[in-house]
S.K.: 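Before I ask anything, let me first share the structure, which is written out below as structure tokens.
As the structure lists them, so they are numbered: ligands from 1, and atoms in each ligand from 1. Each residue takes its place number in the sequence, starting with 1.
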Amino acid sequence: MAYINEHYLKLKAGYLFPEIGRRVTAFSQANPQARVIRMGIGDVTEPLPPAVCQAMHKAVDEMADRSTFRGYGPEQGYDFLRQAIAQGDYQSRSADISADEIFVSDGSKCDSANLLDVLGERNRIAVTDPVYPVYVDTNVMAGHTGSADDKGEYSGLTYLRTTAGNHFIAEPPQQAVDVVYLCSPNNPTGTALTRQLLSRWVEYARKNNTLILYDAAYEAYITEPEIPHSIYEIDGAREVAIELRSFSKLAGFTGVRCAFTVIPKALKGRTPNGEVVDLHRLWGRRHTTKFNGVSYITQRGAEAVYSPAGRQQVKSLVDFYMENAAIIRQNLRELGLGVFGGINAPYVWMKTPGQLSSWEFFDRLLHEAHVVGTPGSGFGASGEGYLRLSAFNSRENVNEAMNRIKQLKL
Ligand SMILES: *Cc1c(COP(=O)(O)O)cnc(C)c1O
């Protein structure tokens, strides 16, 4: 019999979304006439932009013809897409990133997990609380933590608490860490790091030799000018940061699958003996060995996001969701509820009324308004007393959900 990776046994069994699913199913079975509105999911609802579809159709036709058919592409991504990204996302913002520093992949979730392949065992790792659970669970799986306590927190990880007191925005800690995960704009809290605070993070990282894993999956949702779109807009970030980006929330690619990771050539890691190693080269080795590239059709679709028509269509998609977010924010504020996020991200992070716990309020919303949110406590101890509402929905559903919430006696 084969031996297993025992680190998997440390994972907390009761994962957030299955528990939500269980409660919603039980409610729907008992109340078959109720029309439940799901505002819990972090998935897009609107179809792909027309420019993307046209490019993909054209690519399918090329694949159908012997003279333009393509087999395996370069593992790191086709040059046409890497160039479009380097120009469209970085050089246009005076961020010094070149096409060969971009690795195209099938998702940021996988990339954030896969990055652990090239990082060693002895890193002191920091995550925020609340946090996107993938960062934590993949470190548990890789054996970088001890076991979980009653609160679900793993020994060996450093938790950076974000609360109403610091506006749910993570600040650099007093102590030095080797790796820190920053997600901005943030899932789940919807808040974003300002240029000034991100500069402090880069300064901290340079001083302490910290590697920043910067997840900018929601970059397209930024509306305020003081929020940087890339960490490489900050001087000195090339030596300390890896940036993850995805077409999922940008252009509705959650079911198509395309993302990229930026590893600047200036970025270094070290061996336990202090030997300095190039992380770009290490990641290149990993990526070309374990991955065979994103499909040509998908990469042509992603390239079209950078065309003039594509840009405009993506912007109206994002604007649509952000109008939903504004409607959610405004309605909750009118009810006198504490609200964070929803300005530079498609998530609104609301305080539960009357000291209810996250799950108590989740149940009330489900049973009395037939609206599903995501309990904040599922993202970490500091999320207790909060609920995440997603702006990924139809306008009709958002308006209906807000009307129902207004009728509750909160
Ligand atoms: C949705 C999301 C991603 C994107 O993941 P993909 O695998 O590219 O779909 C990455 N990070 C966070 C925090 C997300 O919410």
Side-chain angles (χ1 to χ4, degrees), residues 15-17 20 39-46 48 52 77 81 85 89 102-116 126-139 160 162 168-170 180-193 212-222 227 229-231 241-262 287 291 293-295 298-299 301-302 305 314 317-318 321-322 325 341-342 344-349 373-374 376 378-380 383 388-393:
Y15 185 61
L16 179 61
F17 291 97
I20 293 173
M39 300 188 77
I41 344 150
D43 194 1
V44 296
T45 53
E46 302 306 301
L48 292 172
V52 168
L81 180 56
I85 294 168
D89 284 325
I102 290 158
F103 294 86
V104 176
S105 76
D106 60 349
S108 283
K109 183 183 185 174
C110 350
D111 281 350
S112 68
N114 290 336
L115 278 167
L116 297 180
V127 293
T128 61
D129 162 32
V131 67
Y132 179 54
V134 175
Y135 310 150
V136 173
D137 288 356
T138 53
N139 272 290
L160 309 174
T162 65
F168 287 97
I169 293 187
V180 62
Y181 289 83
L182 293 179
C183 178
S184 177
N186 193 264
N187 179 8
T189 66
T191 59
L193 291 168
I212 300 176
L213 302 181
Y214 193 72
D215 184 343
Y218 296 94
E219 167 277 331
Y221 293 81
I222 293 171
I227 309 295
H229 287 247
S230 163
I231 194 169
I242 289 175
E243 181 164 289
L244 297 120
R245 290 264 196 117
S246 173
F247 293 90
S248 284
K249 317 304 173 7
L250 165 68
F253 272 50
T254 53
V256 176
R257 312 306 303 144
C258 195
F260 59 91
T261 287
V262 184
H287 198 74
F291 188 61
V294 174
S295 87
T298 296
Q299 291 191 63
V305 168
V314 160
L317 208 58
V318 167
Y321 291 128
M322 289 310 285
N344 297 298
Y347 297 119
V348 174
W349 183 248
T374 310
F379 298 101
R388 188 190 76 177
L389 290 181
S390 156
F392 292 129
N393 223 317

S.K.: Can you see whether Y132 engages Y181 through a side-chain donor-acceptor pair at a distance of less than 3.5 angstrom?
M.R.: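 Not at all, the side chains of Y132 and Y181 share no donor-acceptor pair under 3.5 Å.
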S.K.: If I apply the N/O under 3.5 Å rule, does Y135 come out as touching ligand 1?
M.R.: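 By distance alone, the answer is no.
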S.K.: Give me the one residue out of L317, T254, V318 that meets side-chain contact (heavy atoms from CB on, under 4.5 Å) with K249.
M.R.: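 Testing each of L317, T254, V318 against K249, the sole residue satisfying side-chain contact (heavy atoms from CB on, under 4.5 Å) is T254.
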S.K.: Can you tell me the protein heavy atom closest to atom 7 (O) of ligand 1 and the distance?
M.R.: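 Going atom by atom, the protein heavy atom closest to atom 7 (O) of ligand 1 ends up being R257 NH2, 2.8 Å.
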S.K.: Could you list the atoms of ligand 1 found under 4.0 angstrom from a heavy atom of K109?
M.R.: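 In order of number, 5 (O), 6 (P), 7 (O).
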S.K.: Indicate yes or no: at least one non-hydrogen side-chain atom of D111 is less than 4.5 angstrom from one of F260.
M.R.: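 No; the side chains remain at least 4.5 Å from each other.
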S.K.: Taking the inter-plane angle between the rings of W349 and F168 on a 0 to 90° scale, is it parallel (under 30°), tilted (30 to 60°) or perpendicular (over 60°)?
M.R.: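 If you compare the ring of W349 with that of F168, the planes turn out perpendicular.
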S.K.: Would one find an N or O of T254, backbone or side chain, under 3.5 Å from an N or O of ligand 1?
M.R.: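 No, there is no polar N/O contact under 3.5 Å.
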S.K.: Kindly give the heavy-atom pair with the smallest separation between H229 and A216, and that separation in Å.
M.R.: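 Distance-wise, the nearest heavy atoms are O-CB, 4.3 Å.
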S.K.: Relative to the heavy atoms of G107, which atoms of ligand 1 are at a distance of less than 4.0 Å?
M.R.: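 Going through ligand 1 atom by atom, the ones under 4.0 Å from G107 are 7 (O), 8 (O).
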S.K.: Would you say D215 touches ligand 1, if touching means a heavy atom closer than 4.0 Å?
M.R.: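 Checking ligand 1 against D215, which is what was asked, there is a heavy-atom contact under 4.0 Å.
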S.K.: Please round to the nearest 0.5 Å and tell me the distance separating atom CG of L182 and atom CD1 of I231.
M.R.: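 If we round to the nearest 0.5 Å, L182:CG and I231:CD1 are 6.5 Å apart.
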S.K.: Distance to 0.1 Å, residue and atom name: give those for the protein heavy atom nearest to atom 15 (O) of ligand 1.
M.R.: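 Among all protein heavy atoms, the one nearest atom 15 (O) of ligand 1 is Y218 OH, 2.6 Å.
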S.K.: Does C183 have a non-hydrogen atom less than 4.0 Å from ligand 1?
M.R.: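 The answer is yes, since C183 has a heavy atom less than 4.0 Å from ligand 1.
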S.K.: Examine the proximity of ligand 1 to F253 and report which part, side chain or backbone, both or neither, has a heavy atom under 4.0 Å away.
M.R.: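 No part of F253 comes within reach of ligand 1.
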S.K.: Just distances here: any N/O of Y347 and N/O of ligand 1 closer than 3.5 Å?
M.R.: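 The answer is no, given that Y347 and ligand 1 share no N or O pair closer than 3.5 Å.
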S.K.: Please report the closest heavy-atom contact between T298 and R257, naming both atoms and the distance.
M.R.: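 Distance-wise, the nearest heavy atoms are CG2-O, 3.4 Å.
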S.K.: Just to confirm my output: which protein heavy-atom neighbour is closest to atom 3 (C) of ligand 1, and how far is it?
M.R.: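 Looking only at protein heavy atoms, the one closest to atom 3 (C) of ligand 1 is K249 NZ, 3.5 Å.
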S.K.: Which atoms of ligand 1 are found less than 4.0 Å from any heavy atom of S248?
M.R.: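 Within the 4.0 Å cut-off of S248, ligand 1 contributes 6 (P), 8 (O), 9 (O).
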S.K.: Ring centroids only, cut at 6.0 angstrom: are F103 and F291 within range, meaning strictly under it?
M.R.: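 Distance test on ring centres: not under 6.0 Å, no.
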S.K.: Below a 4.0 angstrom heavy-atom separation, can you tell me which part of S108, side chain or backbone, both or neither, approaches ligand 1?
M.R.: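 The answer is both, backbone and side chain.
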S.K.: Can you tell me how far OG of S112 sits from CG of L213, rounded to the nearest 0.5 angstrom?
M.R.: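 If we round to the nearest 0.5 Å, L213:CG and S112:OG are 8.5 Å apart.
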